[in-house]
Student: 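Please see the structure below; I have some questions.
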Amino acid sequence: MDLHKLRIFVAVARARHFTRAADDLQMSQPSVSQQIALLETAVGTPLIRRRPRRLQLTAAGEALLPYAQQLLALADEAREAARTAAGLSDRTLRLGVGPILATYLLPDLLRRYQVSYPEHRVQITIGNTAELLEAVAQEAVELALVGLPANRAGVQATPFRQDRLVVIVAPGDNWAARTTILPEELKSRPLFVREPGSALYTTVEQLLGPALPGGASVIVLEETEAIKRSVEAGLGVALVPEIAVAREVAAGLLYAVPLQSSDSRRTYAYARLTRHRLSHAAEDLVSLLPREH
């Protein structure tokens, strides 16, 4: 078992989806599947049980996962020790990012970062808020961009951007001319939502009640992009962060209508260890974050 295959296995286990893991790893989906198959051959037993919507780990996969995480953490620690000895640590940004921010904020942020600080190197980890806070606590990443609430002992979260949830509809939809929409009105329309376990799914439950996502008029998709394309086609409506649809709204492909609810606001923050000073690489990224309170 080599570290490369273990890293892919951990990414698939975290995402529970080959395509999403491939996106996180910047690999093709067939390559990820091939590496998992080779790892299963090396171990001598299946590690992942394929399901139509979401993958599951076998008993062997569950047993291997914590050891794989420990081995990868030790390898990262060894590499960081070597880099520190060579004087490179302070110029390496170890950044964790949530999926929404990774897609809609990170590309422009990284572009400006690389232009301003070409001497810095960047290592990126994608995960949900809980995973990234744990990564900060374990010093696997130095800085994480997450959505609030973000609570973890020893980790400090500092808000840097406000966002809000909006209802998106197709341009010809009857709701396109509305100025606001009440949460209860969403129950009357086919509603696209993210999968259980996502922050967006949890938000929909909080706003509309836990029974709603199981209703016949609710369609679950695992990608925000797929949700947007479905709404563009006039198949229903969706509740998404405003940052995720800025481009489509500007192009007239979608209309975003504010949700009339005090719970529609979202806040993004950068999380770091409370007791540690930030490296120059991390401080430089913080200086470039948008300040929209």
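Remember, it's a predicted structure, so these values are computed and weren't measured experimentally.
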Student: Measuring from Leu55:CG to Arg50:CZ, what's the distance to the nearest 0.5 Å?
Tutor: 7.0 Å
Student: Does the pair Arg111/Asp108 count as a salt bridge with the N-to-O cut at 4.0 Å?
Tutor: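 Counted as a salt bridge, because a side-chain N and a carboxylate O are separated by less than 4.0 Å.
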Student: Ignoring hydrogens and geometry, is there a side-chain-to-backbone donor-acceptor pair from Glu142 to Ser279 under 3.5 Å?
Tutor: yes
Student: Do Glu225 and Arg247 sit within salt-bridge range, that is, some charged N less than 4.0 Å from a carboxylate O?
Tutor: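 Salt bridge absent between Glu225 and Arg247.
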Student: Any pair with a residue in residues 9-55 that passes ring pair (Phe, Tyr, Trp, His ring centres under 6.0 Å), sequence neighbours left out, goes on the list, sorted by first then second residue, please.
Tutor: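 Those involving residues 9-55 do not exist here.
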Student: Is the closest side-chain heavy-atom distance between Lys228 and Glu248 below 4.5 Å?
Tutor: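 SC-SC contact between Lys228 and Glu248 confirmed.
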Student: Are Tyr67 and Leu57 in one and the same hydrophobic cluster, where Ile, Leu, Val, Met, Phe, Trp and Tyr link if side-chain heavy atoms are under 4.5 Å apart?
Tutor: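 Each belongs to a different hydrophobic cluster.
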Student: Would you compute the distance between atom CG of Asp173 and atom CD of Glu232 and round it to the nearest 0.5 angstrom?
Tutor: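 So the CG of Asp173 and the CD of Glu232 are separated by 13.0 Å.
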Student: Can you find a side-chain donor-acceptor pair between Thr19 and Gln29 that sits under 3.5 Å?
Tutor: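 There is no such pair between these side chains.
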Student: So Val12 and Ile48, side-chain contact (heavy atoms from CB on, under 4.5 Å) or not? Walk me through it.
Tutor: CA-CA 9 Å; Val12 172; Ile48 294 173; 3.5 Å; yes
Student: Provide the closest heavy-atom pair for Val257 versus Arg178 in the form atom of the first, atom of the second, distance.
Tutor: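 The pair with the smallest heavy-atom distance is CG1-O, 3.6 Å.
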Student: Are Ile8 and Leu25 side-chain neighbours, meaning at least one heavy-atom pair lies under 4.5 Å?
Tutor: yes
Student: Going hydrophobic residue to hydrophobic residue with side-chain gaps under 4.5 angstrom, can you get from Leu165 over to Leu182?
Tutor: no
Student: In terms of hydrophobic clusters joined by side-chain contacts under 4.5 Å, are Leu273 and Leu285 together?
Tutor: no
Student: List the atom pairs, with distances to 0.1 Å, where a side-chain N or O of residues 234-244 and a protein N or O form a donor-acceptor pair under 3.5 Å, not counting sequence neighbours.
Tutor:
from	atom 1	to	atom 2	distance (Å)
Glu242	OE1	Arg164	NE	3.0
Glu242	OE2	Arg164	NE	3.4
Glu242	OE2	Arg164	NH2	3.2

Student: Out of curiosity, Leu65 CG to Leu47 CG, how far, rounded to the nearest 0.5 Å?
Tutor: 10.0 Å
Student: Taking Glu139's backbone N and O only, do any of them form a donor-acceptor pair with Arg94's side chain (distance below 3.5 Å, no angle check)?
Tutor: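 Yes, Arg94 side chain to Glu139 backbone: donor-acceptor pair under 3.5 Å.
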Student: Is the CZ atom of Arg265 crowded by more than 12 outside heavy atoms at less than 6.0 Å?
Tutor: yes
Student: If you measure from the Lys or Arg side-chain nitrogens to the Asp or Glu carboxylate oxygens, is any gap between Asp76 and Arg7 under 4.0 Å?
Tutor: yes
Student: Is there a side-chain contact between Ile36 and Glu40, using heavy atoms and a 4.5 Å cut-off?
Tutor: yes
Student: Are Leu3 and Leu74 connected into the same hydrophobic cluster when the rule is that any two of I, L, V, M, F, W, Y join if their side-chain heavy atoms are below 4.5 Å apart?
Tutor: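 In one cluster with Leu74: Leu3, no.
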Student: Is there a donor-acceptor contact under 3.5 Å from the side chain of Ser31 to the main chain of Met27?
Tutor: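 A pair under 3.5 Å: no.
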Student: Quick one: closest heavy-atom pair of Pro149 and Thr129, and the distance?
Tutor: O-CG2, 4.0 Å
Student: Give the cluster check for Phe160 versus Val141: same hydrophobic cluster or not, with ILVMFWY residues linked at side-chain heavy-atom distances below 4.5 Å.
Tutor: no
Student: Parallel, tilted or perpendicular, judged at 30° and 60°: which one describes the rings of His120 and Tyr117?
Tutor: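 Ring orientation of His120 relative to Tyr117: parallel.
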Student: Starting at CD1 of Ile181, measure out to OG of Ser264 and round the result to the nearest 0.5 Å.
Tutor: 12.0 Å
Student: Test your reading of the model: is there a side-chain donor-acceptor pair from Thr58 to the backbone of Pro46, 3.5 Å cut-off?
Tutor: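 Such a contact is found between Thr58 side chain and Pro46 backbone.
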Student: What verdict does the side-chain contact (heavy atoms from CB on, under 4.5 Å) test give for Val220 and Arg194, after you've listed the backbone C-alpha separation in whole Å, the side-chain angles of each residue and the deciding distance to 0.1 Å?
Tutor: CA-CA 6 Å; Val220 177; Arg194 285 283 303 277; over 6 Å; no
Student: Only pairs at least two apart or in different chains count here, so list each ring pair (Phe, Tyr, Trp, His ring centres under 6.0 Å) that has a residue in residues 230-285.
Tutor: none
Student: Looking at every heavy atom in both Pro66 and Glu62, which two are closest together, and how far apart are they?
Tutor: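 Minimum heavy-atom contact is CD-O, 3.1 Å.
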Student: Restricting to non-hydrogen atoms, name the atom on Leu143 and the atom on Ala282 that form the minimum distance, rounded to 0.1 Å.
Tutor: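 In this case the closest contact between Leu143 and Ala282 is CD2-O, 4.1 Å.
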